[in-house]
Amino acid sequence: MTLGIYPGTFDPITHGHADVIARSLHVVQHVVVAVAPNHRKAPLFDIKERVELAKIATQHLPGVVVEPFEGLLVEYVRRRGAQAIIRGLRAVSDFEHEFQMALLNRKLDKNLETIFLMASEEYSYLTSSMVKEVAAVGGPLHDFLHPEVAERLKTQLRLTQS
Ligand code: ADP
């Protein structure tokens, strides 16, 4: 069995993330979507909600498990018995940060590979932050988010704005 770990903040999960997950299943048999607390980014949704939303958005994909993770990624990957870290690349702007992280993780575990996948070009501009901005001004979300995720985002923004 080949297992990949797709770590991220997923605040919330978008069609871009889901596309990367679907593509990763062409390379590995199973994927764990590993949701990080990432306090540095001050996420809109708490980790439990982000896990729940990622489960909803990937329920159509066989071989995908979503779970929270904390601590050092390379240790988590080892514990999980995975072969690779999966990351997505949108544009050149993602590259430097992703490159540094991949090299750092390789330094921490020389046998660990990071696989980079590009989402379909229609999602290449898509970020969770941009989607939150569109939602905050009442824009349409159907091209970016699973319908249930979109509803939850609208509700969450109403709660935080009131
Ligand atoms: P992080 O906080 O770790 O960057 P994100 O949830 O923002 O977590 O993203 C997780 C991974 O998915 C990152 O590798 C990011 O570059 C990638 N990603 C996010 N959106 C897209 C997209 N639209 N297309 C391709 N990759 C994406």
Side-chain angles (χ1 to χ4, degrees), residues 3-28 30-58 60-61 64-77 80 82-106 108-109 112-136 139-150 152-153 156-157:
L3 176 67
I5 302 283
Y6 182 35
T9 313
F10 305 104
D11 185 41
I13 188 164
T14 68
H15 285 342
H17 293 124
D19 192 50
V20 167
I21 297 165
R23 282 167 201 282
S24 71
L25 289 168
H26 300 152
V27 184
V28 290
H30 296 266
V31 176
V32 176
V33 179
V35 183
N38 214 339
H39 306 295
R40 191 175 41 86
K41 278 195 175 176
L44 176 66
F45 291 100
D46 69 27
I47 190 154
K48 206 166 143 260
E49 293 166 319
R50 283 181 277 135
V51 167
E52 201 184 313
L53 296 177
K55 280 185 182 166
I56 291 169
T58 57
H60 61 292
L61 295 170
V64 176
V65 167
V66 184
E67 62 185 33
F69 96 98
E70 244 180 303
L72 196 61
L73 179 62
V74 295
E75 269 169 19
Y76 169 74
V77 171
R80 242 4 206 100
Q83 285 71 41
I85 295 172
I86 310 284
R87 293 288 285 178
L89 280 179
R90 277 164 294 216
V92 183
S93 52
D94 277 341
F95 181 78
E96 199 165 334
H97 173 67
E98 293 291 340
F99 181 69
Q100 278 174 355
M101 265 200 331
L103 288 183
L104 176 69
N105 286 329
R106 181 180 284 169
L108 295 171
D109 182 343
L112 186 59
E113 298 299 341
T114 302
I115 298 174
F116 292 103
L117 295 167
M118 283 178 290
S120 150
E121 60 188 41
E122 60 182 305
Y123 304 130
S124 62
Y125 57 88
L126 193 53
T127 68
S128 297
S129 318
M130 194 205 76
V131 170
K132 283 180 274 192
E133 279 176 34
V134 172
L141 300 174
H142 52 263
D143 283 345
F144 313 135
L145 301 178
H146 183 287
E148 243 176 288
V149 177
R152 290 281 290 276
L153 175 55
Q156 187 69 15
L157 284 170

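First listed ligand is number 1; within each ligand, the first listed atom is number 1.
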Legend entry - Worked check of salt bridge (Lys or Arg N to Asp or Glu O under 4.0 Å) between Glu75 and Arg80: CA-CA 8 Å; Glu75 269 169 19; Arg80 242 4 206 100; over 6 Å; no
How close does the nearest protein non-hydrogen atom get to [atom], and which residue and atom is it?
{"atom": "atom 1 (P) of ligand 1", "result": "Lys41 NZ, 3.5 Å"}
{"atom": "atom 27 (C) of ligand 1", "result": "Arg90 CG, 4.0 Å"}
{"atom": "atom 23 (N) of ligand 1", "result": "Tyr123 O, 2.8 Å"}
{"atom": "atom 16 (O) of ligand 1", "result": "Gly88 O, 2.8 Å"}
{"atom": "atom 9 (O) of ligand 1", "result": "His17 NE2, 3.5 Å"}

Legend entry - Close N or O approach (Gly8, ligand 1; < 3.5 Å): no
What atoms of ligand 1 come within less than 4.0 Å of a heavy atom belonging to [X]?
{"X": "Glu98", "result": "13 (C), 14 (O), 16 (O)"}
{"X": "Phe10", "result": "6 (O)"}
{"X": "Gly16", "result": "22 (C), 23 (N)"}

Inset, instruction - Mark the output for Tyr6 as yes if a heavy-atom distance to ligand 1 is under 4.0 Å, and as no if none is. - result: yes
Inset, instruction - Mark the output for Thr127 as yes if a heavy-atom distance to ligand 1 is under 4.0 Å, and as no if none is. - result: no
Which bit of [X] is near ligand 1, meaning a heavy atom under 4.0 Å away: side chain, backbone, both or neither?
{"X": "Asp94", "answer": "side chain"}
{"X": "Asp11", "answer": "neither"}
{"X": "Thr9", "answer": "both"}

Inset, instruction - Please work out which of Arg87, Arg50, Met118 has its closest non-hydrogen atom nearest to atom 10 (C) of ligand 1. - result: Arg87
Legend entry - Ionic contact status for Asp11 with Lys132, cut-off 4.0 Å: yes
Legend entry - Salt bridge Lys55-Glu148, side-chain N to carboxylate O under 4.0 Å: no
Are there over 12 heavy-atom neighbours, none belonging to [X], within less than 6.0 Å of that residue's [atom1]?
{"X": "Glu70", "atom1": "CD", "answer": "no"}
{"X": "Phe99", "atom1": "CZ", "answer": "no"}
{"X": "Met118", "atom1": "CE", "answer": "no"}

Inset, instruction - Answer whether the closest heavy-atom distance between the side chains of Leu108 and Leu72 falls below 4.5 Å. - result: yes
Inset, instruction - Using a 4.5 Å cut-off on heavy atoms from C-beta on, say whether the side chain of Val27 contacts that of Ile86. - result: no
Legend entry - Closest heavy-atom pair and its distance - Tyr123, Asp19: CD1-CB, 3.9 Å
